[in-house]
Amino acid sequence: MRPSEYETLRPEQAIDFQQELRKKICIQHLSTEIRLVGAADVSFNKYSDDIFAVVVILSYPDMKILEKVSIKTATKFPYISGLLAFREVPAVYDAWMQLQLKPDVMILDGQGIAHERRTGIAVHFGLLANVPTIGCAKSRLSGRYEEPGNKQFDESPMLDKNEIIGTALRTKPNCKPVFVSPGHKIDLKQSIELIKTCVRKHRIPEPTRLAHLLVNEFRKGFEKDSSIQHSLF
DNA sequence: GCGACAG
DNA sequence: ATCTTGTCGC
């Protein structure tokens, strides 16, 4: 099924689709050298079906932006906890297809296998685009965990049904941890290491943080001011 | 039945 | 996620 058809699915059918995706999950060591890291984020306007998406490609571990693709489309699928991918992946995939550079690994804003059916947005996108992915979420969806220590890079495993599904990672002292879990074609240990390497001065790792800033900047460029909105893009 | 609930 | 100013902490 194509991403553009997701909006035709009812929640129950989306869950069935996830059960199929679950059979294809591939969590393994990534042996290729990582030189390019990508990140995606989406943004919305309240009460609107418009959805804005940005995918950025950064050099690794330098964290310099090498490419950016911004797109604006529409979404009918509502936000439902556990079914986030059906709302956001279509737009991210549109942007992905327009990239000149393809990253060695992509970071998605949300969970990887740290999901009730192990099919968070990072797993979903990784299988769709056939690219290694990591889920880096700002909050927990499923799984239990002990609060990690308060020193930088202290971590604590996320457990669900006797499985380690991710790690709560303290990227900055006195800041809430981020929740890291592998999505596709990479393992948890490598996922954590890559996220650590992408952290600079902020709680959120650079690729995701920049994608977030860029997509909001892109969205705001469409705000009411018909007189100049064309000259901006 | 009640509480939890990525973005 | 979005709506929003000042404000506390490093």
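Any value given below was found using the heavy atoms of this structure, including those in side chains, with hydrogens, waters and symmetry copies removed. A, B, ... follow the sequence lines: proteins, then strands. Residue 1 opens every chain.
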**OP:** Report which part of the nucleic acid A:His212 touches: base, sugar-phosphate, or nothing (heavy-atom distance under 4.0 Å, all strands).
**Re:** sugar-phosphate

Subject >> Side-chain H-bond candidate by donor/acceptor type, A:Tyr93 with A:His124, under 3.5 Å >> reply: no

Would you tabulate the side-chain donor-acceptor contacts of residues 70-90 of chain A under 3.5 Å, counting partners in other chains and residues two or more places apart, or write 'none'?
{"unit_1": "A:Thr75", "atom_1": "OG1", "unit_2": "A:Arg87", "atom_2": "O", "d": "3.4"}
{"unit_1": "A:Lys76", "atom_1": "NZ", "unit_2": "A:Asp49", "atom_2": "OD2", "d": "3.0"}
{"unit_1": "A:Arg87", "atom_1": "NH1", "unit_2": "A:Phe77", "atom_2": "O", "d": "2.9"}

**OP:** For the pair A:Asp160 and A:Arg118, find out whether any cationic side-chain nitrogen is under 4.0 Å from an anionic carboxylate oxygen.
**Re:** yes

Subject >> Dot-bracket encoding per residue of DNA chain C, Watson-Crick/G-U cut-off under 3.5 Å, | denoting interstrand >> reply: ..........

Original post:
Between the side chain of A:Asp154 and the main-chain N/O of A:Lys151, is any donor-acceptor distance below 3.5 Å?
Top reply: yes

Original post:
Can you name the residues that form a salt bridge (charged side-chain N to carboxylate O under 4.0 Å, His left out) with A:Arg10, not counting sequence neighbours?
Top reply: none

**OP:** Count the heavy atoms belonging to other residues, nucleotides or ligands that lie under 6.0 Å from CD of A:Glu5, then report whether that count exceeds 12.
**Re:** yes

Original post:
Do A:Lys220 and A:Glu217 sit within salt-bridge range, that is, some charged N less than 4.0 Å from a carboxylate O?
Top reply: no

**OP:** Summarise protein proximity over nucleotides 2-7 of chain B in one line of letters, 5' to 3': B for base, S for sugar-phosphate only, - for none, counting protein heavy atoms closer than 4.0 Å.
**Re:** --SBBB

Original post:
Got a sec, which pairs hit salt bridge (charged side-chain N to carboxylate O under 4.0 Å, His left out) with one end in residues 13-31 of chain A, sequence neighbours left out?
Top reply: A:Glu20-A:Lys23

Subject >> Side-chain donor or acceptor of A:Asp187 paired with backbone N/O of A:Gln190 under 3.5 Å >> reply: yes

Subject >> Separation of atom NZ in A:Lys220 from atom C1' in C:dT2, rounded to whole Å >> reply: 11 Å

Original post:
What are the residues of residues 200-209 of chain A, sorted by number, that bring a heavy atom to within less than 4.0 Å of DNA chain B?
Top reply: none

**OP:** Tell me, please, which residues at least two apart from A:Tyr145 pass ring pair (Phe, Tyr, Trp, His ring centres under 6.0 Å).
**Re:** A:Phe179

Side-chain atoms of residues 165-176 of chain A: list all donor-acceptor pairs with protein atoms under 3.5 Å, sequence neighbours left out, distances to 0.1 Å.
{"unit_1": "A:Arg170", "atom_1": "NE", "unit_2": "A:Gly149", "atom_2": "O", "d": "2.9"}
{"unit_1": "A:Arg170", "atom_1": "NH1", "unit_2": "A:Cys175", "atom_2": "O", "d": "2.8"}
{"unit_1": "A:Arg170", "atom_1": "NH2", "unit_2": "A:Pro148", "atom_2": "O", "d": "2.7"}
{"unit_1": "A:Arg170", "atom_1": "NH2", "unit_2": "A:Gly149", "atom_2": "O", "d": "3.4"}
{"unit_1": "A:Thr171", "atom_1": "OG1", "unit_2": "A:Arg203", "atom_2": "O", "d": "2.6"}
{"unit_1": "A:Lys172", "atom_1": "NZ", "unit_2": "A:Arg200", "atom_2": "O", "d": "2.8"}
{"unit_1": "A:Asn174", "atom_1": "OD1", "unit_2": "A:Asn150", "atom_2": "ND2", "d": "3.0"}

**OP:** Remember a base hit wins even if backbone is also touched, and classify A:Ser43 as base, sugar-phosphate or nothing at under 4.0 Å, heavy atoms.
**Re:** sugar-phosphate

Original post:
Does A:Val180 belong to the same Ile/Leu/Val/Met/Phe/Trp/Tyr cluster as A:Phe153, with side-chain heavy atoms less than 4.5 Å apart forming each link?
Top reply: yes

Could you list the donor-acceptor pairs under 3.5 angstrom formed between side-chain atoms of residues 96-107 of chain A and any protein atom two or more places apart in sequence or on another chain?
{"unit_1": "A:Lys102", "atom_1": "NZ", "unit_2": "A:Trp96", "atom_2": "O", "d": "2.7"}
{"unit_1": "A:Asp104", "atom_1": "OD2", "unit_2": "A:Arg35", "atom_2": "N", "d": "2.8"}
{"unit_1": "A:Asp104", "atom_1": "OD2", "unit_2": "A:Leu36", "atom_2": "N", "d": "2.8"}

**OP:** Say whether A:Leu108 and A:Val55 are linked into one hydrophobic cluster, either directly or through other cluster members, by side-chain heavy-atom distances under 4.5 angstrom.
**Re:** yes

Subject >> salt bridge (charged side-chain N to carboxylate O under 4.0 Å, His left out) partners of residues 36-47 of chain A, not counting sequence neighbours, each pair once >> reply: none

Original post:
What stem regions, each of at least 3 consecutive Watson-Crick or G-U pairs below 3.5 Å, can be found for DNA chain B?
Top reply: none

**OP:** Figure out the CG/P separation between A:Asp49 and C:dT2, and round it to whole Å.
**Re:** 15 Å

**OP:** May I ask you to evaluate whether A:Arg219 reaches the phosphate of C:dT2, defined as a side-chain N or O under 4.0 Å from OP1 or OP2?
**Re:** yes

N/O-N/O pairs, protein side and nucleotides 8-10 of chain C side, under 3.5 Å:
none

